Amino acid sequence: MAATTPVRVPKSSLRQQLVQLFGAALKPLYWWYEKRVEAEVRQGHAPKHLGMILDGNRRFAKELGLEGHEGHEFGVQKAYEVLEWCLELRIPTVTIWVFSTDNFNRSQTEVETLMQLFVQEAKRMAQDPRIHANEVRVKVIGRHDRFPPKVLEALEELEKATEHHNGMLLNIAMGYGGREEIVDAVKSLLLEAAQTGKSPEELAAELDMKHISERLYTAGVPDPDFIIRTSGEIRLSGFLLWQAAYSEYYFFDAFWPAFRKVDFLRAVRDYQKRERRFGK
């Protein structure tokens, strides 16, 4: 009787199977841990205004072997997920930064892809039953003079479709830069002074922080309590420069599309443990 030859399983294949088995075994543990953290967070106070810098879409795509600009589609889907998490915690105001003034300096292909994505998602969001069921009011902030007409039209339709809502306020920062926002506020002050006949000396004599705050894109909205940035970058890059003077920051290493609910909950839990003294 001929001897049977043992089947040799490649080490790489065996390693992959072990990783998959290990991951499957850990799923219940991760689920339990997420629920535990969520229970802790719900016992504390949620931020009144959460700011988020959605960073790392392109690097996430490149890790998957895709073109960098393709990562933005993953980022969009993650934004919908995170919005639902914010609704679950009843956070009144959320500001997400999706496109800066500097982003116009990227490749033409990427900018055009993003513009198409903005139109697609604005129309989708305007009809999204979750947006209407939760009374989410959407406001788009930033400089929009460089956006194509079709983008401006879609964004205007989105704002109009939700302007009567009384739930969460979702600020979408597009064509946004913190320095530009402050410049625009000062320009507004100067133009108003000129129209009313005030001299520069009179304006300077009465000028205070309130005058600037009332002319920012976020006028009438409380300053952000908490700001989260993904992708491992430890800087604000101009996000809500004026408003973030006393914000708490949280910098997370994973790229935006890889941001999990447990990561979000742990960030909020970290915020809840901090003591905010406002310089006192």
Side-chain angles (χ1 to χ4, degrees), residues 26-57 60 71-99 117 121-122 124-141 158 162 165-174 218 221-233 239-240 244 247-274:
L26 284 179
K27 278 187 177 181
L29 181 61
Y30 278 126
W31 178 87
W32 174 83
Y33 177 64
E34 179 184 301
K35 293 301 178 183
R36 177 182 173 184
V37 176
E38 184 173 2
E40 292 179 31
V41 168
R42 288 185 180 277
Q43 291 177 2
H45 58 284
K48 291 184 174 62
H49 183 176
L50 172 65
M52 289 188 287
I53 303 174
L54 322 185
D55 196 19
N57 292 335
F60 178 82
H72 297 299
E73 294 187 12
F74 291 99
V76 166
Q77 299 309 315
K78 181 57 60 175
Y80 278 105
E81 286 183 48
V82 177
L83 177 58
E84 290 187 359
W85 304 340
C86 293
L87 287 168
E88 290 173 4
L89 294 184
R90 300 182 183 279
I91 298 175
T93 302
V94 175
T95 299
I96 59 174
W97 195 9
V98 301
F99 190 84
L117 197 59
E121 294 306 319
R124 175 184 172 187
M125 187 174 284
Q127 299 176 359
D128 194 318
R130 295 169 296 180
I131 294 294
H132 297 287
N134 289 284
E135 293 273 315
V136 177
R137 179 164 61 93
V138 180
K139 181 180 180 183
V140 185
I141 62 174
L158 172 58
T162 64
H165 289 170
N166 296 311
M168 172 196 290
L169 170 62
L170 174 62
N171 290 319
I172 302 178
M174 293 176 57
T218 58
V221 178
D223 290 341
D225 311 280
F226 191 37
I227 294 175
I228 298 173
R229 179 171 188 159
T230 56
S231 86
E233 305 293 349
F239 182 58
L240 300 179
S247 301
E248 298 291 329
Y249 307 135
Y250 189 92
F251 300 101
F252 189 70
D253 287 337
F255 301 135
W256 172 249
F259 191 51
R260 303 169 301 176
K261 185 175 183 179
V262 70
D263 302 321
F264 172 76
L265 293 169
R266 289 175 65 185
V268 176
R269 183 178 65 178
D270 185 87
Y271 162 78
Q272 292 173 333
K273 292 179 179 179
R274 301 183 190 183

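For the numbers below, each heavy atom of this structure counts, side chains included, while hydrogens, waters and symmetry mates do not. From a predicted model like this one, the values you see are computed outputs, not experimental measurements.
At a threshold of 4.0 Å, the pair Asp270-Arg274 counts as salt-bridged, since one of the basic side-chain nitrogens sits closer than that to a carboxylate oxygen.
Listed by chain and residue number, nothing satisfies the side chain to side chain donor-acceptor pair (under 3.5 Å) test with Gln272 (two or more places apart in sequence, or in another chain). With sequence neighbours excluded, the residues satisfying salt bridge (Lys or Arg N to Asp or Glu O under 4.0 Å) with Glu81 are Lys78. In terms of the salt bridge (Lys or Arg N to Asp or Glu O under 4.0 Å) criterion, Asp253 has no residue partners (sequence neighbours excluded). Among residues two or more places apart in sequence or in another chain, the ring pair (Phe, Tyr, Trp, His ring centres under 6.0 Å) test is passed with Trp97 by Tyr176, Phe239. With sequence neighbours left out, Glu73 forms a side chain to side chain donor-acceptor pair (under 3.5 Å) with no residue at all. Looking at residues two or more places apart in sequence or on another chain, you find a salt bridge (Lys or Arg N to Asp or Glu O under 4.0 Å) between Arg124 and Glu121. Applying the salt bridge (Lys or Arg N to Asp or Glu O under 4.0 Å) criterion to Arg36, with sequence neighbours excluded, gives Glu40. Listed by chain and residue number, nothing satisfies the ring pair (Phe, Tyr, Trp, His ring centres under 6.0 Å) test with Tyr250 (two or more places apart in sequence, or in another chain). Scanning for side-chain contact (heavy atoms from CB on, under 4.5 Å) contacts around Tyr249 gives Ile227, Leu236, Ala244, Ser247, Phe251, with sequence neighbours left out. With sequence neighbours excluded, no residue satisfies side chain to side chain donor-acceptor pair (under 3.5 Å) with Asn134. For the side chain to side chain donor-acceptor pair (under 3.5 Å) test, no residue two or more places apart in sequence or in another chain qualifies with Gln77.
Pro47 and Asp225 get closest at one heavy-atom pair: C-OD2, 3.6 Å. Nearest heavy-atom pair, Phe226 versus Ala267, reported as atom, atom and distance to 0.1 Å: CZ-O, 3.3 Å. Nearest heavy-atom pair across Ala46 and Tyr271 is C-CE2, 4.4 Å. Contact record, Gly56 with Phe255: O-CB, 3.4 Å, taken as the closest heavy-atom pair. What you find for Gly75 and Asn57 is that their closest heavy atoms are CA-OD1, 3.5 Å.
By the 6.0 Å contact criterion, CZ on Arg266 is open, its count of non-hydrogen atoms from other residues, nucleotides or ligands being 12 or less.
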Between Cys86 and Phe264, is the side-chain contact (heavy atoms from CB on, under 4.5 Å) condition met? List the steps. CA-CA 9 Å; Cys86 293; Phe264 172 76; 3.9 Å; yes
Hey, mind stepping through Val82 and Trp256 against side-chain contact (heavy atoms from CB on, under 4.5 Å) and telling me if it holds? CA-CA 10 Å; Val82 177; Trp256 172 249; 3.4 Å; yes
Would you mind writing out the side-chain donor-acceptor pairs for residues 165-174 within the sub-3.5 Å range, not counting sequence neighbours?
| unit_1 | atom_1 | unit_2 | atom_2 | d |
| --- | --- | --- | --- | --- |
| His165 | ND1 | Val136 | O | 2.7 |
| His165 | NE2 | His132 | ND1 | 3.3 |
| Asn171 | ND2 | Thr95 | OG1 | 3.1 |

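Using modelled atom types, one side-chain atom of Thr230 and one backbone atom of Asp55 make a donor-acceptor pair closer than 3.5 Å.
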